[in-house]
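A quick write-up on the structure given underneath.
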Number of protein chains: 2
Amino acid sequence: MATDGTSVQATKTTFEIIETLHELNGAGVSELAGELEMPTSTIHDHLQTLTEMEYLLNNDGTYHVGARFLHLGEKSRTRMKVYNVARPQVEELASKTNEHANLMIEEHDWGVFLYKDRGADAVQLDTYAGMRVPLQTTALGKTILAHRPREEVESILDRQGLVAVTENTITERERLFDTLEDVRERGYAFDDEERVDGMRCVAAPITDSDGRAIAAISVSGPKSRMMGETFTDELPNLVRRSANVIEVNLTYS
Amino acid sequence: MATDGTSVQATKTTFEIIETLHELNGAGVSELAGELEMPTSTIHDHLQTLTEMEYLLNNDGTYHVGARFLHLGEKSRTRMKVYNVARPQVEELASKTNEHANLMIEEHDWGVFLYKDRGADAVQLDTYAGMRVPLQTTALGKTILAHRPREEVESILDRQGLVAVTENTITERERLFDTLEDVRERGYAFDDEERVDGMRCVAAPITDSDGRAIAAISVSGPKSRMMGETFTDELPNLVRRSANVIEVNLTYS
DNA sequence: GCTCATCTCCGGTATCACCGGAACAATTAT
DNA sequence: ATAATTGTTCCGGTGATACCGGAGATGAGC
């Protein structure tokens, strides 16, 4: 583990433990020690500290991630202008289409779901606020990439690669850039089972005055309902209109 | 700073920085250094590490809390049974009453808002998911305390004290225990401007099979609308009924 | 009561978190 | 333009401490 000098090892360990605890959905000292290949005493020191600070919960030896993370996450979300402005629009999209409606931003080269709302007919989905996905695997991410300078997209891809998630995920760099070109021309993006089998999605970017994407909104639903003119015309218009409203409200508020 | 031996100082520093960053709603290195009375280089080391790990964002020298905390918080919330079961009930309460409806749990002696929904007429409030408040300052917290063993409540008070937040906050231990007795008899609790001036609240506990409170739900709104029979009969019944539905669903799911 | 598994606690030591200081960058004033 | 100022980043030394092994405590299962 090469330390750059300006790097706090204990912090890395602490967050590795938190992250693993989170993935395991709660665990004991020795389970974590085994998972992370660290001595139990080291794990214990960190768990102890974090519990004392009230970031973790200890239920008879089983530790869990506590609500202070929700506090940090939720409050920083509510302070994002785009979240506050976009949220009502996402809700309107969901209730108009009866499907899932989502808001995504980019952070550290990832697509992050900031908010989702479920319409009346929405299917069960694995998305939740805070979830991170590779940008090119969703319509949302593609609209964001489409409205970023090519060199920025290149460097994101250099760092992130082009992982395949389903059979339809775009994995060739040139094909992606072609797609982004289309997205830019049309003003919206599709996702045809590129992240989840059976699911389709339509997304539009939310751009600032320079045309740079700061976020994206979308409607997603099962292939069976997302087809024909609904998929090719109706939904794109709906989503774009919402994106526009958000852009306007961002400027004048 | 007395270290117990089994305590990781760097972790404490890291979270102090995160917490301060959060309170300041983003800050630079030297601002944090001033606030926390630490050398800029130490702050920088931690910020660097946390940004590398993608927990913080760095916008031209101004650091912000990132969405990974939302990820941790939101996912651990969705894995709580009571959240999933109670959420639809909270939403129903909000839409029936047109006021705020809330779900609270206890964690590390604090009352934590797990979820809130706003009805059509709901006033602007400072509550948000993850927010922590002293238990005795809300109707929600009081119902939780009322359905915990007295010795447990005593030790919570020993650690937390009885801070006054408004003029009406209960600050005497005996008066609190009298109130809790009433709450237990009635089956629900009121909050008459004990946390926020002008706001009233009605809450009911969600208990497990042993009668121990695991959470509470409530409706809250401005004094002007929360009065008369609505406040004394209608809302209590509504909230209790919702709590009951949640309890039943918790058992059979 | 014994065994096994797990969590806590403790104390030594090699490591690295912390810090001062200097270089670098950006912004404003002159 | 240039200097002054403010703030960020980098670097290397060193003393505090994170880490670890091992012992003690706890508790479940037989």
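The structure presented is a predicted model; accordingly, all values stated were derived computationally and were not measured. What's counted below: heavy atoms across the whole structure, side chains too, no hydrogens, waters or symmetry copies.
Contact annotation: B:Tyr63 reaches the phosphate of D:dT9 (side-chain N/O to OP1 or OP2, under 4.0 Å). Regarding contacts with the backbone of D:dC19, every side-chain N or O of A:His44 stays at 4.0 angstrom or more from both OP1 and OP2. Taking side-chain N and O atoms only, B:Asn58 has a distance below 4.0 Å to OP1 or OP2 of D:dT9. Proximity of B:Thr42 to the phosphate of C:dC19: a side-chain N or O atom is located under 4.0 Å from OP1 or OP2. Between A:Gln48 and C:dC9, a side-chain N or O to OP1/OP2 separation shorter than 4.0 Å is present.
Counting only heavy atoms from C-beta outward, the side chains of A:Leu72 and B:Leu70 never approach each other to under 4.5 Å.
Note that A:Arg150 lies in the cation-pi zone of A:Phe177, set by a 6.0 Å cut-off to the ring centre and a 45° limit from the axis. In this structure, A:Arg68 forms a cation-pi arrangement with A:Tyr55, its terminal cationic atom sitting closer than 6.0 Å to the ring centre and no more than 45° off the ring axis.
Residue pairs meeting the ring-ring contact (aromatic ring centres under 6.0 Å, His included) criterion with at least one member in residues 16-38 of chain B, sequence neighbours excluded, are A:His71-B:His22.
Counting non-hydrogen atoms under 4.0 angstrom, B:Ser30 reaches the backbone sugars and phosphates but no base.
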Between the protein and nucleotides 22-26 of chain C, list every N/O to N/O distance that falls short of 3.5 Å.
none

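With a cut-off of 3.5 Å on both pairing distances, the Watson-Crick and G-U wobble pairs of DNA chain C assemble into stems of 3 or more at C:1-30 with D:1-30.
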